[in-house]
Amino acid sequence: MRIDILTLFPDMFTGVFGNSILKRAVDKQLLELHTHDIRSYTTDKHHKADDYPFGGGAGMVMMIEPIAKCIEQLKSERDYDAIYLMAPDGVTFNQHKANEMSMLNNIILLCGHYKGVDERVRELYITEDISIGDYVLSGGELAAMVITDALARIIPGVIGDSTSALSDSFQDGLLSAPVYTRPADFRGHRVPDVLLSGNDKMISEWKLEQQLLRTKLRRPDLLNEQ
Ligand code: ADE
(Lines give C-alpha, C1' and ligand atoms only; values in the text may rest on other atoms or scores of the structure.)
Protein backbone atom coordinates (compact mmCIF):
# COMPACT_ATOMS: atom_id res chain seq x y z
CA MET A 1 0.00 0.00 0.00
CA ARG A 2 1.14 3.55 -0.75
CA ILE A 3 -0.04 6.59 1.21
CA ASP A 4 0.72 10.13 0.02
CA ILE A 5 0.14 12.84 2.57
CA LEU A 6 -0.34 16.46 1.56
CA THR A 7 0.46 18.84 4.36
CA LEU A 8 1.72 22.31 5.25
CA PHE A 9 3.81 20.72 8.02
CA PRO A 10 5.73 17.71 6.66
CA ASP A 11 8.21 17.80 9.57
CA MET A 12 5.44 16.78 11.96
CA PHE A 13 5.49 13.29 10.42
CA THR A 14 9.16 12.40 10.78
CA GLY A 15 9.06 11.15 14.38
CA VAL A 16 5.88 9.14 13.97
CA PHE A 17 6.84 7.58 10.64
CA GLY A 18 10.42 6.87 11.71
CA ASN A 19 9.58 4.65 14.67
CA SER A 20 7.88 1.47 15.78
CA ILE A 21 5.34 -0.32 13.58
CA LEU A 22 5.23 2.34 10.88
CA LYS A 23 8.99 2.23 10.43
CA ARG A 24 8.84 -1.56 10.34
CA ALA A 25 6.10 -1.54 7.70
CA VAL A 26 8.14 0.83 5.53
CA ASP A 27 11.41 -1.09 6.07
CA LYS A 28 9.68 -4.33 5.10
CA GLN A 29 8.40 -2.58 1.96
CA LEU A 30 4.82 -3.40 2.86
CA LEU A 31 3.96 0.29 3.08
CA GLU A 32 5.21 3.35 1.19
CA LEU A 33 4.75 6.68 2.92
CA HIS A 34 5.36 9.99 1.18
CA THR A 35 4.75 13.46 2.56
CA HIS A 36 4.37 16.42 0.21
CA ASP A 37 4.75 20.01 1.31
CA ILE A 38 1.79 21.88 -0.16
CA ARG A 39 3.77 25.11 0.10
CA SER A 40 6.28 23.86 -2.44
CA TYR A 41 3.47 23.83 -5.03
CA THR A 42 2.84 27.57 -4.62
CA THR A 43 4.02 29.94 -7.33
CA ASP A 44 4.26 33.33 -5.57
CA LYS A 45 7.45 34.43 -3.84
CA HIS A 46 5.91 34.30 -0.36
CA HIS A 47 4.74 30.68 -0.87
CA LYS A 48 1.25 31.63 0.12
CA ALA A 49 -1.00 28.62 0.66
CA ASP A 50 -3.95 30.31 2.41
CA ASP A 51 -6.03 33.46 1.97
CA TYR A 52 -8.95 35.38 3.47
CA PRO A 53 -12.42 33.87 2.98
CA PHE A 54 -14.64 35.46 0.36
CA GLY A 55 -17.66 36.98 2.08
CA GLY A 56 -15.69 37.57 5.28
CA GLY A 57 -15.54 35.57 8.48
CA ALA A 58 -12.86 34.48 10.88
CA GLY A 59 -9.78 32.51 9.91
CA MET A 60 -7.92 31.73 6.72
CA VAL A 61 -8.85 29.27 3.99
CA MET A 62 -6.41 26.92 2.26
CA MET A 63 -6.18 27.86 -1.42
CA ILE A 64 -7.10 25.42 -4.14
CA GLU A 65 -4.20 26.07 -6.54
CA PRO A 66 -1.24 24.52 -4.71
CA ILE A 67 -3.41 21.59 -3.57
CA ALA A 68 -4.68 21.02 -7.12
CA LYS A 69 -1.15 21.12 -8.52
CA CYS A 70 0.12 18.61 -6.00
CA ILE A 71 -2.80 16.21 -6.48
CA GLU A 72 -2.59 16.47 -10.27
CA GLN A 73 1.14 15.81 -10.21
CA LEU A 74 0.59 12.66 -8.13
CA LYS A 75 -2.33 11.51 -10.28
CA SER A 76 -0.16 11.86 -13.40
CA GLU A 77 2.33 9.44 -11.83
CA ARG A 78 -0.07 6.66 -10.74
CA ASP A 79 -3.73 5.85 -10.20
CA TYR A 80 -5.24 6.58 -6.82
CA ASP A 81 -8.12 4.58 -5.33
CA ALA A 82 -9.28 7.41 -3.09
CA ILE A 83 -8.40 10.89 -1.88
CA TYR A 84 -9.41 11.65 1.70
CA LEU A 85 -9.66 15.05 3.33
CA MET A 86 -8.92 15.14 7.06
CA ALA A 87 -11.71 17.29 8.46
CA PRO A 88 -13.69 17.45 11.72
CA ASP A 89 -16.97 17.33 9.79
CA GLY A 90 -16.13 14.12 7.94
CA VAL A 91 -17.37 10.59 8.59
CA THR A 92 -15.97 9.23 11.83
CA PHE A 93 -12.98 6.93 11.41
CA ASN A 94 -13.28 3.52 13.11
CA GLN A 95 -11.90 -0.01 12.78
CA HIS A 96 -14.40 -0.90 10.08
CA LYS A 97 -13.25 2.10 8.01
CA ALA A 98 -9.61 1.19 8.67
CA ASN A 99 -10.19 -2.36 7.40
CA GLU A 100 -11.94 -1.02 4.30
CA MET A 101 -9.19 1.54 3.56
CA SER A 102 -6.41 -1.01 4.11
CA MET A 103 -7.66 -2.93 1.06
CA LEU A 104 -6.77 -0.02 -1.23
CA ASN A 105 -3.47 0.27 -3.08
CA ASN A 106 -2.80 3.99 -3.40
CA ILE A 107 -4.46 6.69 -1.36
CA ILE A 108 -3.94 10.38 -0.68
CA LEU A 109 -4.59 11.99 2.71
CA LEU A 110 -5.01 15.76 2.50
CA CYS A 111 -4.48 17.60 5.77
CA GLY A 112 -6.75 20.58 6.19
CA HIS A 113 -5.69 23.58 8.28
CA TYR A 114 -6.86 26.97 9.44
CA LYS A 115 -10.57 27.46 8.79
CA GLY A 116 -10.63 24.68 6.20
CA VAL A 117 -9.92 24.18 2.52
CA ASP A 118 -11.60 25.93 -0.41
CA GLU A 119 -14.82 23.99 -1.01
CA ARG A 120 -13.87 23.44 -4.67
CA VAL A 121 -11.08 21.09 -3.50
CA ARG A 122 -13.81 18.86 -2.09
CA GLU A 123 -15.91 19.09 -5.23
CA LEU A 124 -13.07 18.40 -7.64
CA TYR A 125 -10.80 15.93 -5.90
CA ILE A 126 -12.05 14.47 -2.63
CA THR A 127 -13.57 10.99 -2.40
CA GLU A 128 -14.53 11.31 1.25
CA ASP A 129 -13.93 13.54 4.29
CA ILE A 130 -12.72 11.73 7.39
CA SER A 131 -12.79 12.84 11.01
CA ILE A 132 -11.00 11.02 13.81
CA GLY A 133 -13.47 12.20 16.44
CA ASP A 134 -15.86 14.87 17.56
CA TYR A 135 -13.30 17.47 18.53
CA VAL A 136 -11.39 20.08 16.54
CA LEU A 137 -7.65 19.67 16.05
CA SER A 138 -5.37 22.46 14.87
CA GLY A 139 -4.95 20.61 11.60
CA GLY A 140 -5.41 17.29 9.85
CA GLU A 141 -1.82 16.12 10.43
CA LEU A 142 -2.51 14.23 13.66
CA ALA A 143 -5.56 12.67 12.05
CA ALA A 144 -3.46 11.52 9.07
CA MET A 145 -0.94 9.97 11.47
CA VAL A 146 -3.68 8.16 13.39
CA ILE A 147 -5.18 6.78 10.19
CA THR A 148 -1.81 5.76 8.75
CA ASP A 149 -0.95 3.90 11.94
CA ALA A 150 -4.31 2.12 12.07
CA LEU A 151 -3.93 1.03 8.43
CA ALA A 152 -0.31 -0.08 8.74
CA ARG A 153 -0.91 -2.50 11.61
CA ILE A 154 -3.52 -4.46 9.67
CA ILE A 155 -1.52 -4.86 6.46
CA PRO A 156 -0.65 -8.58 6.39
CA GLY A 157 2.95 -9.16 7.45
CA VAL A 158 3.46 -5.85 9.25
CA ILE A 159 2.86 -7.21 12.72
CA GLY A 160 5.06 -10.22 13.47
CA ASP A 161 2.45 -12.37 15.16
CA SER A 162 -0.14 -12.80 12.44
CA THR A 163 -3.00 -13.14 14.90
CA SER A 164 -2.07 -10.06 16.85
CA ALA A 165 -3.81 -7.42 14.73
CA LEU A 166 -6.89 -9.60 14.47
CA SER A 167 -7.20 -9.78 18.23
CA ASP A 168 -7.13 -5.98 18.60
CA SER A 169 -10.05 -4.34 20.32
CA PHE A 170 -12.88 -3.63 17.82
CA GLN A 171 -11.70 -6.20 15.25
CA ASP A 172 -14.47 -8.60 16.30
CA GLY A 173 -16.79 -5.85 17.50
CA LEU A 174 -15.60 -6.35 21.10
CA LEU A 175 -12.96 -4.75 23.31
CA SER A 176 -9.87 -6.87 24.02
CA ALA A 177 -9.49 -9.04 27.11
CA PRO A 178 -7.00 -7.85 29.76
CA VAL A 179 -3.43 -9.07 29.30
CA TYR A 180 -0.70 -9.93 31.83
CA THR A 181 3.00 -10.78 31.78
CA ARG A 182 5.64 -11.69 34.35
CA PRO A 183 5.73 -11.64 37.31
CA ALA A 184 2.74 -13.88 38.02
CA ASP A 185 2.53 -12.29 41.46
CA PHE A 186 3.21 -8.56 41.90
CA ARG A 187 3.06 -7.67 45.61
CA GLY A 188 0.20 -10.07 46.13
CA HIS A 189 -1.68 -9.03 42.98
CA ARG A 190 -1.90 -12.30 41.11
CA VAL A 191 -2.48 -13.03 37.45
CA PRO A 192 -5.80 -14.93 37.03
CA ASP A 193 -5.07 -18.65 37.64
CA VAL A 194 -6.70 -19.70 34.39
CA LEU A 195 -3.97 -17.94 32.36
CA LEU A 196 -1.33 -20.04 34.11
CA SER A 197 -3.30 -23.28 33.75
CA GLY A 198 -2.01 -24.24 30.31
CA ASN A 199 -5.58 -25.24 29.36
CA ASP A 200 -6.13 -23.58 25.98
CA LYS A 201 -9.88 -24.19 25.92
CA MET A 202 -10.42 -22.67 29.35
CA ILE A 203 -8.15 -19.76 28.44
CA SER A 204 -10.08 -18.91 25.29
CA GLU A 205 -13.39 -19.18 27.15
CA TRP A 206 -12.07 -16.85 29.84
CA LYS A 207 -10.84 -14.37 27.23
CA LEU A 208 -14.18 -14.24 25.46
CA GLU A 209 -16.00 -13.84 28.78
CA GLN A 210 -13.68 -10.96 29.68
CA GLN A 211 -14.19 -9.36 26.26
CA LEU A 212 -17.94 -9.46 26.67
CA LEU A 213 -17.75 -8.15 30.23
CA ARG A 214 -15.44 -5.26 29.30
CA THR A 215 -17.50 -4.32 26.28
CA LYS A 216 -20.72 -4.41 28.31
CA LEU A 217 -19.19 -2.21 31.01
CA ARG A 218 -17.24 0.24 28.88
CA ARG A 219 -18.82 0.28 25.44
CA PRO A 220 -22.35 -1.18 25.54
CA ASP A 221 -23.05 0.67 22.28
CA LEU A 222 -20.77 -1.85 20.48
CA LEU A 223 -22.99 -4.75 21.60
CA ASN A 224 -26.08 -2.99 20.31
CA GLU A 225 -24.46 -2.54 16.88
CA GLN A 226 -24.42 -6.31 16.25
N1 ADE B 1 -8.93 18.47 11.48
C2 ADE B 1 -9.34 19.17 12.56
N3 ADE B 1 -10.03 18.40 13.41
C4 ADE B 1 -10.05 17.15 12.86
C5 ADE B 1 -10.63 15.92 13.26
N6 ADE B 1 -11.31 15.79 14.40
N7 ADE B 1 -10.48 14.86 12.45
C8 ADE B 1 -9.80 14.97 11.28
N9 ADE B 1 -9.23 16.11 10.84
C10 ADE B 1 -9.36 17.20 11.64
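Just follow the structure's listing: the first ligand is 1, and inside any ligand the first atom is 1. For the numbers below, each heavy atom of this structure counts, side chains included, while hydrogens, waters and symmetry mates do not. Values in this document were obtained by computation on a predicted structure and should not be read as measured data.
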Look at [X] together with [Y] and state whether they make a salt bridge at an N to O cut-off of under 4.0 Å.
X	Y	value
Arg39	Asp37	no
Glu119	Arg122	yes
Lys97	Glu100	yes
Glu65	Lys69	no

Could you find the nearest protein heavy atom to [atom] and give me its residue, atom name and distance?
atom	answer
atom 3 (N) of ligand 1	Leu137 N, 2.9 Å
atom 9 (N) of ligand 1	Ala87 N, 3.2 Å
atom 7 (N) of ligand 1	Ile132 N, 3.0 Å
atom 6 (N) of ligand 1	Tyr135 O, 2.8 Å
atom 1 (N) of ligand 1	Pro88 CD, 3.6 Å

Is any N or O atom of Val136, backbone or side chain, closer than 3.5 Å to an N or O atom of ligand 1?
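Min N/O separation from ligand 1 is not below 3.5 Å for Val136.
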List ligand 1 atoms under 4.0 Å from [X], heavy atoms only on the residue side.
X	result
Ile130	8 (C)
Ala143	8 (C), 9 (N)
Gly133	6 (N)

Check whether any side-chain N or O of Asp81 sits under 3.5 Å from a backbone N or O of Asn106 as a donor-acceptor pair, and report yes or no.
yes
Distance from Asp50 atom CG to Leu8 atom CG, nearest 0.5 Å?
7.5 Å
Residue list, ring pair (Phe, Tyr, Trp, His ring centres under 6.0 Å) with Phe9, at least two apart or on another chain
His113
Among the heavy atoms of Gly139, does any lie under 4.0 Å from an atom of ligand 1?
yes
Does ligand 1 have any atom sitting under 4.0 Å from a heavy atom of Leu142?
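Contact check Leu142 vs ligand 1: negative.
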Residue pairs, two or more places apart or on separate chains, that pass side-chain hydrogen bond (donor to acceptor under 3.5 Å, both in side chains) and touch residues 21-35
Arg2-Glu32, Arg2-His34, Lys23-Asp27, Glu32-His34
